[in-house]
Amino acid sequence: MNVFAALLAREARYNPDGTFDVLGAGIFAVGVPTLPAAIRLTLVLRAQLDPDEANRLHHLRLRLLDEGDSDVMPAMTVPVILRQGTAPRHYLNIVTDVIAPFPRAGNFRFQVAVDDEAIPFIHLTVTHQPQLEAGESNS
């Protein structure tokens, strides 16, 4: 399996035909009025797999790391079954919601792996912006 695209968004919806709809894609920084903060984000992945990888259980593992490589939240594991398609190579879109706890402002990274194959980090900067109203974010 080759995970070749990943992004954070405000919201995404997976459709029965395998496509997805995304709102607020490409988040790389979030301002919050208070810290610590729990921020709801959606992770969208696009993967390519070979036919022998279809119709069996795979595991998506998500970690959130701080600047010192410490886990900020417990690792999250999501089971995924990839269904057989009709082409020699099959494409899969994975959409999963995350409520990520941020104890302080700083630079953070999401580490995503499918079946222990890690993709490059997805970076997110969290800033404290007290002028924002509660419940509002500048993402």
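Computed from a predicted model, the values in this text were never measured in an experiment.
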Practice task
Determine whether V98 and T42 make a side-chain contact, defined as any pair of heavy atoms from C-beta on separated by less than 4.5 Å.
Solution key: no
Problem - Contact check, side chains of M73 and L62, non-hydrogen atoms, under 4.5 Å - result: yes
Exercise for the section: Heavy atoms only: give me the nearest L124-A29 pair and the separation to one decimal. Expected result: CD1-N, 3.7 Å
Practice task
Identify the heavy atoms of L7 and I122 that sit nearest to each other, and give their distance.
Solution key: N-CD1, 4.5 Å
Handout entry: Y14 OH to I94 CD1 distance, which is reported to the nearest 0.5 Å
Key = 9.0 Å
Problem - Side-chain donor-acceptor pair present, N15, R13, cut-off under 3.5 Å - result: yes
Handout entry: Any side-chain heavy-atom pair of V32 and T127 under 4.5 Å
Key = no
Completion exercise
Heavy atoms of A75 and R63 approach each other most closely as CB-CG, 3.9 Å
Handout entry: Nearest atoms (heavy-atom pairs only) where E67 meets R109
Key = CA-NH1, 4.4 Å
Handout entry: Hydrophobic cluster membership, L35 vs V30, 4.5 Å side-chain cutoff
Key = yes
Practice task
Check whether any side-chain heavy atom of L41 sits under 4.5 Å from a side-chain heavy atom of L43, and report yes or no.
Solution key: no
Problem - Value rounded to 0.5 Å, distance of CG in L23 from CG in D21 - result: 8.0 Å
Handout entry: Pair R61 + D116, salt bridge at N-O below 4.0 Å
Key = no
Exercise for the section: Using a 4.5 Å cut-off on heavy atoms from C-beta on, say whether the side chain of V72 contacts that of P103. Expected result: yes
Problem - Beyond-backbone contact of T77 with L60, side-chain heavy atoms, under 4.5 angstrom - result: no
Problem - Flag if over 12 foreign heavy atoms under 6.0 Å of CD1, I99 - result: no
Problem - Shortest non-hydrogen contact from A100 toward L64 - result: CB-CD2, 3.9 Å
Exercise for the section: Please check if the side chain of R10 supplies one atom and the backbone of A25 the other of a donor-acceptor pair under 3.5 Å. Expected result: no
Handout entry: Near-ring test F102/F108, centroid separation under 6.0 angstrom
Key = yes
Problem - Flag if over 12 foreign heavy atoms under 6.0 Å of CZ, F28 - result: no
Exercise for the section: Of all the heavy-atom pairs spanning L57 and P79, show the shortest one and how long it is. Expected result: CD1-CB, 3.7 Å
Handout entry: Short side-chain to backbone donor-acceptor contact, D115 and H59, under 3.5 Å
Key = yes
Practice task
Please step through side chain to side chain contact (heavy atoms under 4.5 Å, CB included) for the pair I119 and L45, ending with a clear verdict.
Solution key: CA-CA 10 Å; I119 64 167; L45 300 172; 3.9 Å; yes
Problem - Under 3.5 Å: donor-acceptor pair, side chain of D71, backbone of P74 - result: no
Practice task
Answer yes or no: is there a donor N or O on one side and an acceptor on the other, between the side chain of H128 and the main chain of P33, under 3.5 Å?
Solution key: yes
Problem - Within one Ile-Leu-Val-Met-Phe-Trp-Tyr cluster: M76 and L8, side-chain cutoff 4.5 Å - result: yes
